[in-house]
Structures are given as C-alpha cells and as structure tokens.
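Letters go in sequence order (proteins before strands), and every chain restarts at 1.
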Amino acid sequence: MDARFLKPYNPKETEGKIYQLWEESGFFNPDVCIAKGVTKPKADVFSIILPPPNATGVLHLGHALEDSMQDTMIRYNRMQGKRTLWLPGTDHAAIATDSKVTKILEKEGLKKKDIGREKFLERVDEFVANSRKTIVKQLKKVGASLDWSRETFTLDEKRNLAVRTAFKKMYDDGLIYRGNRMVNWDPKGQTVISDDEIVYEERKGKFYTFKYGPFEIGTARPETKFGDKYVVMHPDDKRYSKWKHGEKITVEWINGPIEATIIKDPASEMEFGTGVMTITPWHSHIDFQLAEKYKLEKEQIIDQYGKLLPIAKEFAGMKITDAREKIVEKLKAKGLVISIDENYVNRVATAERSGGIIEPQIMLQWFVDVNKKIPARNDKSLKELMLEPVQEGKIKIIPKHFEKVYFNWVLNLHDWCISRQIWYGHQIPVWYRSTSLTTGKESEIYCGMEAPKGDGWEQDPDTLDTWFSSGMWTFSTLGWPDMNAPDLKNFHPTSVINPGYEILFMWIARMILMSQYLINEIPFKTVYLHGILRDAKGQKFSKSLNNGVDPIEIIEEYGADALRMSMIVGIGPGADSKFDIQKVKAYSKFSNKIWNAARFVLDNTKDFAVPLDPVYDEEDKATDEELKNLLTEITKEMDEYKFYIVAEKLYHYFWHTFADITIERSKKKILENKNVDSAKALLFNQLTTLLKTLHPFMPFITEEIWQTLPIKNKNLLMVEKWPHFAKASRDKPL
RNA sequence: GCGUCUUUAGCUCAGUGGUAGAGCGUUCCGUUCACAUCGGAAAGGCCGUAGGUUCGAUCCCUACAAGACGCACCA
C-alpha cells in the first residue's frame, strides 16, 4: 500500500508532478503519440486552436472555464485514439496592450510620443513576454494538455508573414480599399475603432431645443451645430408643407446669420421632438448618409483631439465639453434657446478599451469591402462567404439559436475599418511616395510583402485591427501561407472552437470570413459557445468591482480537478453561470472520495489476480451491466458535446453506486467469504473504468491513482483508450 | 423599434410528452476500521401567468408578465 493513500488526497503534492510526467511523455504532441505507437498514423483527427488569451496580463476564472472545457474535449478525443492537437498561443491584442503599456509608462512619467515608436515597441515586447510566461504557467496549472511545441503568437514572424500575405491578396482583389469614410474616432485613444469595439453607455444629459429661423430644432450636442446649414423634415409632415425641398432661407445662428437649405427626407421622424432637425454630416453617421444622398457640403467642426476648429470662431480651440455650455449661453443671450430638458437619457458611444467618447469623423482609413463580388469565389461577396457554411450546416453553432444571431449580424454588416492609429500591431504593408516635392502629397502607392525598391518610400504608419490577424488564427497557426504545411493539411479545418458568445461577431465571424476567402475552407466544424462566468451575485467580474477571483489561488487550495469539475458540471452551452466556491468545495470532497475508494480497492485486491474474463455472480453481473449501459450513454453524450451532463452522471455513479453500493456490498462478501472473486474483480474493473472516464474531467487525481495500479505494461492514463464495452475490448489486468 | 435568451426545491442549476432531479443549505439519526472531505433518513416545488394542441404538458404552440442580453436609432 502506497503511504500516500493513508492521508487525504493532496492535490498540491500531486499536480505539479503529474503535469511534468505528461509533458515529459511528449503525448501532448500528436506526432509523438504516433511515433510512440499510442495513436495510429491514419486515425481520425481532432483539433482545437486555443482562443489566444490577450497578452495583457493574467488569466481569470473565465479562462479557467474555457480551458477546462477544451481540455475535457481534447483528453476525451485523445483517449478515443484520435490524432489530437490542441494548439496554444497568445494574442498581441493591439489596442488593449498598447493602452496598457502606455499607462505603465505614464506612471513612470514617460510619454509615448517622447520615447518614440521603436523604444515604445521594445517596452511593449518586454511587457508581453512577461505576460505570456505567466499565461503559460497558469494554463499548465489547470492541467491543459496543450502542445507547447507548437506555441504561437499573433505578432511573431510567421504570423506577420501570414498577415502581410493576406493583406496583399485582399488588396490585389480589391477587397481592401482606402477611403474617406465615416469612422468611429476615439479622441482619448487617438485611434479609429470598429463598430464592434464600441460600448454604449446610458448617460443622463441635456436635450436642447433651439430656435432655428422659423423652426425649432432639438439637439444634445450644441457644439456640433456651427456648420448646420441644412434643415431636414419629413416630406409628409403637414406642419411644414409650405416649405419646399431645396428652398433656401436665412436664419440667425450662433455666429450670425447663415443661409440654410430645406431638405425633405423621411430620415427626420415626425414624432421626434418638433420633427425638424439640422444635420452635421462630418460628425454623424446618419447625417453623413443624408449628405451623400443629396450631395451636401460637409464641414469638419471638431478636430482629432476633441477641440473645436476655426469654424467655431470665438469657441475655436475649446474642448467640446467646455464649449457646450458657453455656446448655449450665447444662444440664450440671442434669444434662440426655447427649452432645455435636463433629464434626457442618451446612449453614449464609448471606446471599449480607453473609455473615450467616440466622435464620429470622416477620415481616410483602410476598409475591407464585405459586399464586393469575388470572381475567384463564384462572384460571392465576403458576406455571402460568411453566411454560406453556417446556412448549409457545414459549421454548426452550439447552442443553435446563436446561428440566428449570427445571420442577423452578418446581414447588417458594414465595411470593416481595419486601420488603427496605434503603434503596437501589424503595420500596414503599404508604402507611399510623393512625386511632387512641392505638394508633398502621396501620388504613388505600393502594397507588397516588403518595402519597394527606390528612394522616398514611406510605410503607412498605421497598424491593423487586432481581429485581422486573429481572424486567420486557425490556419496561420498551422503553417499558412504555406499551403503544403503538414499541420495545415492534417489539422485544418479544426474540429471545434470554444470561445465565449460575446466574441461571436468580433472573432468567430472574422475567422469564417478569412478562412473562406483565403483558403476556401471552413475554419472549424463546430462552434461551441460558452457563457459568461459571473460572481456569486451575478455581476460580471471586473476590476472596478474588485470581485476578481484568482484561479491559481483556488487551485492551490482545492486542486485543479475540483475547479475543473465546478466549471463543467451543469454549465450548458451559451449559458451564463455564477461562480460559487461551494461548488468547488463539493468537488474537492469528491476528489477525496475517489482517493479513498481507490485506497479501498487497492487494499482489497492487492493479492488478487483479476481474470481477463471475470465470472460475476448475479448481482455483480447486474452492476457490471449497469456501468456498461452508462458508458454507452455517456459516450454518445460526449460526442454530442454534452460533457456538462456526463460529468454529473459520472460523479453520481461513482459516489452513489460504486462507493455506496458496490463497495459496501463487496465488504460484506469479503467478510463472509462469499463470491469474493466476483466482488474483487468487479471492484478493480469498475475502478479502472471510472478512472478512465473521469480522466478528461479530473485528469490529475485519476492519473495519480492510475500510476499506482498494478497493471502490467500500462501507459499513462492520458493515452489509455476510452472504454468501449460494446466492442468487448477489455483491459488486461494482472 | 428589431431580435435572442431566461423564468423548475431556501440558494445555484440539470432534465423529460406520462403529474419532477442534483449540489449546497436545513432538520433528525448513525458511524472503531476506504473516506468525519463519512453513512442513513426527512422536510421542501400545483416546473412565471393565461389559453391552445394532446388520452395526457413542466416539456410542443400562442399570448402576456418579469428579468438579462444583442443590434439599430436617438436630430
């Protein structure tokens, strides 16, 4: 009897040692599994690319949830004899990392602009290297059986090549264009962001009604109104039927009289306010559309720092928040203020990362055209390429209702703004040269893998949206653009991707786009979405609430197996869940239960040679059948990704059938010396079967016990075969 | 405005076309040997509301209510 079994199960003593054992075996790497004969060279393939954690810091509990789920899938399929690859990596997370390091520098009293691009990037690299080390350590603690020999990074050399290759191809195909369009400018982060990086916040503000000539107009943003020389009303609005479209009137406005033009368009809702509005095409999406429609003039009012331009005359140079009240005061003095509603609730667009209030602006940026027909893809657009595989069922989203959500999003998709005015990221592979030294205007443009030959070329200083590179993640990690890379051939399309539903659009959709377009293949067959993990009160984990829980601390106290079970049992796909330490405690008790049951079985079967084909008495036979039936059931459920049910069933069977009934019954038999062989064989066989089936969920303790079992020529449990009783393929006990 | 999800025991959640389950919690009883990180037992739910389909609905359909979320708009 191993002395360790005389004490309660101690995960701390076990986990590090066991992980090392796994790592040294090399079995995380499917090639090693084949080389060592535990996997057949032509076995089916199962592959998952780890959603790369942002290289901005440490992993939180949500990651632990994701890692537990994926490791469970991976271990199950590895035990099914498949060529199984789980590939790790980290994401450079452009804006997130850039702003994080910027903040760190600020604390040191350093400004980004002062130290320059090169020095800044050095600092970021240093920071990221540390974060990545921490992340790897954490993933190992959870027991993640990731193939570390294939570890990648979205910003490393190979991925950089992939990104440039993709950009050039899209550029050459006319899918990437540069244009002056309405974009979301973040004055705080000093960069453009995509629609998906906006977070709307409800804020109480003021809503002003001003006198504008013969009309009354409403606005929440008086500071944008300087250039408003178009007044819009609904064509059917009888109140204004005397005014004609295109009619010009002179009105007294902020800085004196201006000539205003009447525009009749249904964009102005009759029910809203007075039914009349003025427009600011440079700083509003809808106004921009109207301006395009009627070929109206557009004037910039606010600069990129959120300050008013000379058009504001006496207010020029003022920040918008300061200017707002002063402008209202001036209008008041001129008798143009009709009313002010103090309780107006507005949804303010803010930048996800910096928190800055988005100022829509017309700017020259790079975009991906999602509607252009692509000859090489049967004239389908990127939008269609995104819809098709999901519609046709080639990609299955679990839970299914997210497919609807996905379609909805794709159908409403606008061109994707991919340029960012930050330094950290993939620099846009485009170079400009001005032929005329006097104007300094870019008149030559070159897109390529490397800088063009000749003098005077300057690379576009902008970097790409982080999702541009992560969109290529399933194949850039496997060797693309080398279409003959063995990993790409073997492991793509990947089997499953397992992110939270909140990045269905940002990431999943972009991966389908990139994969469909660049390699004409789906990126994954199944999207298994998980929900958001919240605290016990149902609040999101966040820094401001200071309700964070460190998964490593939980593991230190209760063990990785207990944490993993608590993250799996009863948490269905796409469902949010509350983290409760009680649940972890319950499964750490379960760990101990397994431990002690193993001790009992080992103790009572130590001098017993388990026959290959044991003869069971009647009740043991029934018990044996019961477990076989359970196995058939859970194997099916595992293949259907219902591991949240399987884990619970195994828990229940182990505790309330194996421990409470089978073990108790065996005690009686051994004591009375009746059918002892049957009892002992059953104990041993059921324990081994249960260890195998529990292994994907609780890898450490099951492996630890497995290591002490008296079985000849046994391998690591992680590469043992998942039991299939239907085929009557039994182990070879002593 | 368009759309999605949730509503089951005190709490957190599974689940099934034939009048319900788990974990934790509560109460009681027990336990010298695999395990006090234990065993046995009990209490506790007209499965959000109202209709419909059905021999029969918690499960399917419709409406409603409450809560959460997504998208668009917000002059």
Side-chain angles (χ1 to χ4, degrees), chain A residues 1 5-10 195-196 198 200 202 205 207-210 212 215-222 224-225 228 230-233 267-269 271-280 284-287 290 344-349 399-409 411-414 501-502 504-505 531-532 534 536 538 540 558-559 562 565-566 569-572 574-604 642 644-645 647-649 651-652 655-656 659-660 663-664 666-667 683 687:
Chain A
M1 185 82 231
F5 280 106
L6 300 175
K7 291 181 290 179
Y9 174 61
N10 185 346
D195 296 347
D196 303 287
I198 291 179
Y200 288 94
E202 287 214 336
F207 187 78
Y208 309 87
T209 305
F210 298 135
Y212 186 82
F215 305 109
E216 291 179 11
I217 57 151
T219 184
R221 303 202 52 195
T224 63
K225 296 281 134 192
D228 288 13
Y230 302 102
V231 56
V232 187
M233 60 210 74
S268 182
E269 282 176 42
E271 291 77 26
F272 192 95
T274 58
V276 183
M277 65 176 180
T278 57
I279 58 169
T280 315
S284 152
H285 286 92
I286 187 153
D287 295 359
L290 278 174
Y344 180 68
V345 179
N346 203 9
R347 278 183 68 204
V348 179
K400 198 171 166 50
H401 72 257
F402 274 103
E403 290 184 2
K404 266 190 205 168
V405 181
Y406 175 80
F407 292 143
N408 228 324
W409 181 81
L411 288 169
N412 291 311
L413 191 61
H414 301 294
Y501 61 75
E502 74 275 11
L504 178 63
F505 306 143
I532 298 167
R534 298 167 183 279
K540 271 194 185 181
Y558 301 102
M565 277 297 268
S566 77
V569 175
I571 300 182
D576 289 355
S577 50
K578 291 178 191 170
F579 177 76
D580 188 350
I581 195 69
Q582 291 302 329
K583 204 170 166 186
V584 182
K585 282 183 188 167
Y587 291 109
S588 77
K589 282 187 191 177
F590 182 49
S591 299
N592 199 53
K593 188 78 182 175
I594 298 171
W595 189 249
N596 283 301
R599 177 209 296 189
F600 177 85
V601 174
L602 285 169
D603 218 17
N604 283 283
K642 291 181 180 166
Y644 53 101
I645 294 173
E648 194 170 2
K649 282 184 178 171
Y651 169 88
H652 204 253
W655 202 307
H656 299 296
D660 288 353
I663 287 185
E664 290 307 319
S666 75
K667 282 182 191 169
L683 283 179
L687 177 69

Nucleotide opposite B/C28 in a Watson-Crick or G-U pair, distances under 3.5 Å = B/G40

inquiry  = Heavy atoms only, 4.0 Å cut-off, all strands: where does A/Tyr344 land among base, sugar-phosphate and nothing?
reply    = sugar-phosphate

Output field: ring centroids A/Tyr212/A/Phe210 closer than 6.0 Å = no

message = Need one value for A/Ala597: base, sugar-phosphate or nothing, where a base atom within 4.0 Å counts as base even if backbone is also close, heavy atoms only.
response = base

inquiry  = I want to confirm an ordering. Mapping A/Pro8 and A/Tyr651 to their closest nucleotides on RNA chain B, which one lands closer to the 5' end?
reply    = A/Tyr651

query = With a 4.0 Å cut-off on heavy atoms, is A/Lys585 in touch with a base, just the backbone sugar-phosphate, or nothing at all?
reply = nothing

ask   = What distance, rounded to whole Å, do you find between the two P atoms, one in B/G21 and one in B/U58?
value = 15 Å

Any donor-acceptor N/O pair, A/Thr274 side chain to A/Glu216 backbone, under 3.5 Å = yes

message = If I pick the C1' atom on B/G56 and the same atom on B/C73, what distance separates them, to the nearest angstrom?
response = 48 Å

ask   = Taking for each residue the nucleotide of RNA chain B bearing the nearest heavy atom, is the 5' side occupied by A/Tyr587 or by A/Ile571?
value = A/Ile571

query = What is the ring orientation for A/Tyr501 with A/Phe402, classed by angle as parallel under 30°, tilted 30 to 60°, or perpendicular over 60°?
reply = parallel

inquiry  = Looking at A/Ser588, is its backbone amide N or carbonyl O close enough to the side chain of A/Asn592 to form a donor-acceptor pair, meaning the two atoms are under 3.5 Å apart?
reply    = no

message = What's A/His656 touching, base or sugar-phosphate or nothing? Going by heavy atoms closer than 4.0 Å.
response = sugar-phosphate

Under 3.5 Å on both distances, the Watson-Crick or G-U partner of B/U16 = none

inquiry  = Base, sugar-phosphate or nothing for A/Ser591? Non-hydrogen atoms, less than 4.0 Å.
reply    = nothing

key: Rounded P spacing from B/U53 to B/A41 in Å   = 44 Å

ask   = Does any nucleotide pair with B/C5 by Watson-Crick or G-U wobble geometry, both distances under 3.5 Å, and what is it?
value = B/G67

request  = Just jot down the side-chain hydrogen bond (donor to acceptor under 3.5 Å, both in side chains) partners of A/Lys400, sequence neighbours excluded, or say none.
outcome  = A/Glu403

note = Checking N1-N3 plus N6-O4 or O6-N4 for Watson-Crick, or N1-O2 and O6-N3 for wobble, each under 3.5 Å, the partner of B/C46 is none

key: Base-pairing assignment for B/G51 (Watson-Crick or G-U wobble, both under 3.5 Å)   = B/C61

ask   = With sugar-phosphate meaning primed atoms plus P, OP1 and OP2, does A/Ile663 contact a base, only sugar-phosphate, or nothing at under 4.0 Å between heavy atoms?
value = base

Partner residues of A/Ile645 under the side chain to side chain contact (heavy atoms under 4.5 Å, CB included) criterion, sequence neighbours left out = A/Glu637, A/Lys642, A/Lys649

request  = Select base, sugar-phosphate, or nothing to describe what A/Gly570 touches, counting heavy atoms under 4.0 Å on all strands.
outcome  = sugar-phosphate

task = Answer with yes or no after comparing the ring centroid distance for A/Tyr587 and A/Tyr651 against a 6.0 Å cut-off, counting only values under it.
result = yes

ask   = Say you pick atom P in B/A14 and the same atom in B/U7; how far apart are they, in whole Å?
value = 7 Å

ask   = Which is the 5'-most and which the 3'-most nucleotide of RNA chain B that has an atom under 4.0 Å from a heavy atom of chain A?
value = B/G3 to B/A75

key: Between B/C24 and B/C46 - C1' atom distance, rounded Å   = 26 Å

ask   = Expressed in whole Å, how much space separates the P atoms belonging to B/A75 and B/A68?
value = 25 Å

ask   = Counting only Watson-Crick or G-U wobble pairs whose two distances fall under 3.5 Å, which nucleotide matches B/C33?
value = none

query = Taking atom C1' in both B/U26 and B/G17, what distance in whole Å separates the two?
reply = 34 Å

ask   = What does A/Asp576 touch in the nucleic acid at a heavy-atom separation under 4.0 angstrom: a base, only the sugar-phosphate, or nothing?
value = nothing

task = Tell me what A/Phe505 touches on the nucleic acid: a base, only sugar-phosphate, or nothing, going by heavy atoms under 4.0 Å.
result = sugar-phosphate

message = Closer than 4.0 angstrom, basic N to acidic O: yes or no for A/Asp580 and A/Lys583?
response = no

task = Considering only atom P, compute the distance from B/A20 to B/G52 and round it to an integer number of Å.
result = 23 Å

query = Hey, does A/Thr219 reach any base, or is it just sugar-phosphate, or nothing, if we go heavy atoms under 4.0 Å?
reply = sugar-phosphate

ask   = Contact class for A/Lys593 (heavy atom, under 4.0 Å): base, sugar-phosphate, or nothing?
value = base

inquiry  = Can a donor-acceptor pair be found, under 3.5 Å and without considering hydrogens, that links the side chain of A/Ser268 to the backbone of A/Gly275?
reply    = yes

request  = Under 4.0 Å between any heavy atoms, over every strand shown, what does A/Ala659 touch: base, sugar-phosphate, or nothing? Just pick one.
outcome  = base

request  = Answer with base, sugar-phosphate or nothing: what part of the nucleic acid does A/Glu269 contact at a heavy-atom distance below 4.0 Å?
outcome  = base

